[in-house]
There are 2 protein chains.
Amino acid sequence: MTPRERYRSQVRAEIKQHAWEQIATTGASALSLNAIAKQMGMSGPALYRYYASRDDLITELIRDAYRSLADTVQAAAAAGADLAGLAHAMRAWALEDPHRYLLIYGTPVPGYKAPDDITLISAEIMTALLDAAVKLPARTPSTPLDAHLADHRDWAAGHPAPPEALHRALSFWTRVHGVLSLELAGHFSGMRIDTALLFETELNDLLAP
Amino acid sequence: MTPRERYRSQVRAEIKQHAWEQIATTGASALSLNAIAKQMGMSGPALYRYYASRDDLITELIRDAYRSLADTVQAAAAAGADLAGLAHAMRAWALEDPHRYLLIYGTPVPGYKAPDDITLISAEIMTALLDAAVKLPARTPSTPLDAHLADHRDWAAGHPAPPEALHRALSFWTRVHGVLSLELAGHFSGMRIDTALLFETELNDLLAP
DNA sequence: TTGGAACAGTTATAACTTCTAACGTAAGCA
DNA sequence: TGCTTACGTTAGAAGTTATAACTGTTCCAA
């Protein structure tokens, strides 16, 4: 790695760090390249040496966020966590930096298409969920959704999980996201509800019976 | 109502209509007052006679969205719909205009505080859900969440629902939102999944047992 | 060691944005 | 008929993203 490359990647990292700080205070939609440049003591156009556009920077932030979530989930799985354990890892990750979660799962920009490598990372996450789902005992009544998923399993990327596990992973995803996104968006604030307990209860309802 | 007032409210409505169209194509964060003014054949600053700021316009759009959702839910309830019926009404409403849903439940702008009258409308929605929840037979095992909710029921705004019903309304909300928001944000697209069936299944799991 | 190429960062500029200020005009009302 | 009010205009300030053209530095290789 040449000195130039080292310097370059260091500046790119510093830009991203300032970007995250700005997102935390003003939201992703108000992220300003100019403001970042000023914080770093250089003029606005200088940043374009490092990111071709504002969208390019945001795409990289999204990529980093996905990568971080995938790493978190995979690390939990490697440490022997079951599906409930993965849920707690995901929740902890989300609460650690709400805007990072919302950048991935929040309101999408119409017309924005994530590059393929990001789609691959999200598939890694799904694979980890499926791995954990197959280890659970199958639930008794097979639903029409199970039958449907037996025929529509392209999204599982060749994972050999039985339909019940596909169903469970999907429900897991929607329930975790349901509680988490409402919590992070502040829709429970002022309600004085124990969101951890709500999260736990929704999870139990999926995993216990 | 004077002619001036009539004209004024008509122009305001036309501005909002253009705003919704623009949100549908570019997203709420890229909504441009200037572009709306041009579409209406007048200069940018003219719009400030009708809305004090861009935020003011968006707030009104949010208010209208909440009002529309509350009306939809209340109309379904008045027509005798049970909790499942309300869920279908909400889903239909969301699919009818995804951006309207995402404006309410999508990524919030940090620092934005909805005015009180909007909070009141969202309370109307919750009341309708609670009304429907109390009509269902209580589920057998009482959870720790039920106990918690017995002591934390301020958000129910004096509604006499028992803790089990509070629990059910809360779960209803998070599950409906979980499936719906992932669907509207496009996270299922490309997966070739029957999202209606997934929605139905998540709902059944809450209402059937 | 000394060119020369590559690259970082600069200013200037275009085309946007929100929003304020000052002004003319026209509509409504007494 | 005249006065007041409000509408819409242009001008402009202070931002934004992004490109172009220029300067200086750094690195690398002959």
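The basis for the numbers below is simple: all heavy atoms, side chains too, and nothing from hydrogens, waters or symmetry mates. Throughout, protein chains are lettered first and strands after them, A, B, ... in sequence-line order, and every chain is numbered starting at 1. Only a predicted model underlies this, so the values are computations on that prediction, with no experimental measurement involved.
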Ranking C:dT18, D:dA18, C:dA8 by distance to the side chain of A:Tyr50, first place goes to C:dA8

What closest approach, in Å, do B:Ala37 and B:Ser43 show between heavy atoms, and which atom pair accounts for it?
CB-O, 3.6 Å

Any chance the side chains of A:Asp71 and A:Ser68 put a donor and an acceptor closer than 3.5 Å?
no

Does a nitrogen or oxygen in the side chain of A:Arg8 sit under 4.0 Å from OP1 or OP2 of C:dA8?
yes

If the test is salt bridge (charged side-chain N to carboxylate O under 4.0 Å, His left out), which one of A:Glu183, A:Glu96, A:Glu200 qualifies with A:Arg91?
A:Glu183

Among side-chain atoms of B:Gln22 and B:Ser32, is any donor-acceptor pair under 3.5 angstrom?
no

Taking only heavy atoms on the protein side, list every residue of residues 31-38 of chain A lying under 4.0 Å from any atom of DNA chain D, sorted numerically.
A:Leu31, A:Ser32, A:Leu33, A:Asn34

Between A:Tyr7 and C:dG9, does any side-chain N or O lie under 4.0 Å from OP1 or OP2?
yes

Residues B:Asp56 and B:Thr59: side-chain donor-acceptor under 3.5 angstrom
no

Is the shortest distance from a Lys or Arg side-chain nitrogen in A:Asp64 or A:Lys16 to a carboxylate oxygen in the other one below 4.0 Å?
yes

Between CZ of B:Arg6 and P of D:dA6 the distance, given in whole Å, is 17 Å

Send over the distance from B:Glu14 CD to D:dG8 P, rounded to a whole Å.
11 Å

Below 3.5 Å is the cut-off: list the nitrogen or oxygen pairs between protein and nucleotides 21-30 of chain C, distance only.
unit_1, atom_1, unit_2, atom_2, d
C:dA27, N3, B:Arg4, NH2, 3.4

Presence of A:Arg54 side-chain N/O under 4.0 Å of D:dT16 phosphate oxygens OP1/OP2:
no

Taking every heavy atom of B:Leu203 against every heavy atom of B:Ala87, the minimum-distance pair comes out as CD2-CB, 3.4 Å

Given the rule in the salt bridge (Lys or Arg N to Asp or Glu O under 4.0 Å) test, do A:Arg175 and B:Asp205 qualify, once you have shown the distances and angles that lead to the verdict?
CA-CA 12 Å; A:Arg175 286 195 203 180; B:Asp205 204 37; 2.7 Å; yes

Encoded 5' to 3' (Watson-Crick or G-U under 3.5 Å; [ ] crossing; | other strand), DNA chain D becomes ||||||||||||||||||||||||||||||

Distance-only polar pair, side chains of B:Ser181 and A:His177, donor-acceptor under 3.5 Å:
yes

When the distance from CZ of B:Arg12 to P of D:dA6 is rounded to whole Å, what number comes out?
14 Å

Nearest whole angstrom, please: distance from the P of D:dA18 to the CG of A:Leu47.
11 Å

Lys/Arg-Asp/Glu bridge criterion (N-O < 4.0 Å) met for B:Glu124, B:Arg67:
yes

Grab the two heavy atoms, one from B:Thr107 and one from A:Gly106, that are nearest each other, plus how far apart they are.
OG1-CA, 3.2 Å

Return the value, rounded to whole Å, for the distance between atom CG of A:Asp55 and atom P of D:dT16.
17 Å

Is the distance from OP1 or OP2 of D:dG8 to the nearest side-chain N or O of B:Ser43 less than 4.0 Å?
no

